[in-house]
Structures are given as C-alpha cells and as structure tokens.
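See below for the structure under consideration.
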Amino acid sequence: MMKETLTGIRAGSYLAYFSEQGLARLEFPSDRRNRKPAEGATADLPPGLCRWRAITRKAVEQALAGRKPAVLPALDLAAGSAFQREVWKALLTIPPGQTRTYAQVAALVGRPKAVRAVGQACGANPIPVLIPCHRVVSSDGGLGGFSAGIEWKKRLLAAEGRAGFG
DNA sequence: AAACGGCAAAATG
DNA sequence: CATTTTGCCGTTT
C-alpha cells in the first residue's frame, strides 16, 4: 500500500503531511485523531513539496475564510478505500456555503442506500477543511456529527455564511 | 462473523 | 411533535 507519511510540515495552526503523491493528511489542533508527527528523512522529500506547501497554506487560508480555494495541492487519497475516495471526491464538488445530506452524497456516489457508510467515510476524511466534510449534514435538518468536534463544523459553516446551523 | 458508526425512513405514542 | 424501531452498508475487530 502507500508508504506511511513521508514528511510533516508545521504551518501556522495545522500540520500537513505530504507523500510523494501530494497532500495526504491535514491535522488541526482540536482534531481528535492525531498521531505522532512522523519525521521524514530530509533526504527523500517529495519532489513537489515546496510548491505543495505554499499552495496548501494558501488553500487552507482561503477555506477557513469561507472562500473556495483557487487551487488545491495534489491530493494523495491512496490511504482510503475505493468507496471512501469516491465519497471524498464527491465532497469536493460541494461549493462553499452549500450543504448536502448524507443521503444526497450516497446518491451521488451511486449507492443510495449506503448512507451510514458515507457517514463513516466522512469521518475518515484525512484532509478536513480542504475536503469539505463539514458541508454534509443530516436529513432532518440537524448538523450530524463531526470527528474533530461539532464546534468546528459550526464554525466552518458559519464562515461560509451558512446561517441557521450555528 | 459480529459489532460499529458523523444516517434515514417508517412506525409509534 | 418527540422517541423508538427497523433497515442498510462499508469498515473495523
């Protein structure tokens, strides 16, 4: 499978992990599932690292401001299953300020009944904020959950001008 | 093989 | 309405 994360970059308040394929994981302070920063050998840094790092910083900045990032860095989603990657790709199509229900996302990936599985996939999203798992809400008008803490979800949606959730 | 979710729709009071 | 089943599906143990 994919090699474990090669290198970690601290930038501002988050920690970005890059593999040779691109950005593999983003961790924010209150993210629950953070592991030990795996130090990468400075020798074999991913080729595009310098560029990716800059792009990532800009993209996160814009995303946190509630705007659509002009450009995203290359993403390495190899860690996920085929199903999860489909879901994550689908999430990327949801514009800022908009939301979809877990059911709608399930339909988007062609598995209308795999609603709970979609929930799981969202929770497994390795690149929060840039892959907008926070724009997925429950059908009953509620927020649904959020692995990094529901407050983040509220905050992100609020930043996108989405009233009624915060 | 069984249990577990960031769910949803139907049934029930 | 608010709660409680019941059905579903990919992951994880």
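Letters A, B, ... are given to chains in the order of the sequence lines, protein chains preceding strands, and every chain is numbered from 1.
- For A:N125 and C:dG10, the CG to P distance is 19 Å, given to the nearest whole Å.
- For the pair A:Q120 CD and C:dG10 P, the interatomic distance rounds to 10 Å; values are reported in whole Å.
- Ion pairing between a basic and an acidic side chain is recognised when a charged N comes within 4.0 Å of a carboxylate O; A:E86 and A:K89 show no such pairing.
- For residues 133-144 of chain A, proximity to DNA chain B is found at A:C133, A:V136, A:S138, A:S139, defined as any non-hydrogen atom under 4.0 angstrom from a strand atom.
- Applying the salt bridge (Lys or Arg N to Asp or Glu O under 4.0 Å) definition to pairs two or more places apart or across chains, none involves residues 104-123 of chain A.
- The distance from atom CH2 of A:W88 to atom C1' of C:dG10 is 12 Å, rounded to the nearest whole Å.
- Nucleotides B:dG6 and C:dG7 place their P atoms 22 Å apart, quoted to the nearest Å.
- Applying the side chain to side chain donor-acceptor pair (under 3.5 Å) test to residues at least two apart or on different chains, the pairs with a partner in residues 100-109 of chain A are A:Q98-A:R100, A:Y102-A:K153.
- Atom OG1 of A:T56 is separated from atom CG of A:L23 by 4.5 Å, given to the nearest 0.5 angstrom.
- Cation-pi geometry between A:R85 and A:W88 is not met: the NZ or CZ atom fails to fall both under 6.0 Å from the ring centre and inside 45° of the normal.
- Consecutive Watson-Crick or G-U pairing (both distances under 3.5 Å) extending over three or more pairs maps onto DNA chain C as B:1-5 with C:9-13, B:7-13 with C:1-7.
- Per the geometry, CZ belonging to A:F146 stands 13 Å off P belonging to B:dC7, to the nearest Å.
- Using a 30° and 60° split on the angle between ring planes, A:F28 and A:Y14 fall in the tilted class, from 30° to 60°.
- Nearest heavy-atom pair across A:S138 and A:G142 is OG-O, 3.0 Å.
- The stretch residues 108-117 of chain A touches DNA chain B through A:V115, A:R116, A:A117, each having a heavy atom under 4.0 angstrom from the strand.
- As a whole-Å value, the separation of A:Q84 CD from C:dG10 P is 11 Å.
- For DNA chain C, none of the residues of residues 92-102 of chain A falls under the heavy-atom distance limit of 4.0 Å.
- The two residues A:P96 and A:G66 come nearest to each other via the heavy atoms CB-O, 3.8 Å.
- For the atom pair OG1 (A:T99) and CZ (A:F165), the distance works out to 5.0 Å, reported to the nearest 0.5 Å.
- None of A:L92, A:L91, A:L72 except one satisfies the side chain to side chain contact (heavy atoms under 4.5 Å, CB included) rule with A:L130; the exception is A:L72.
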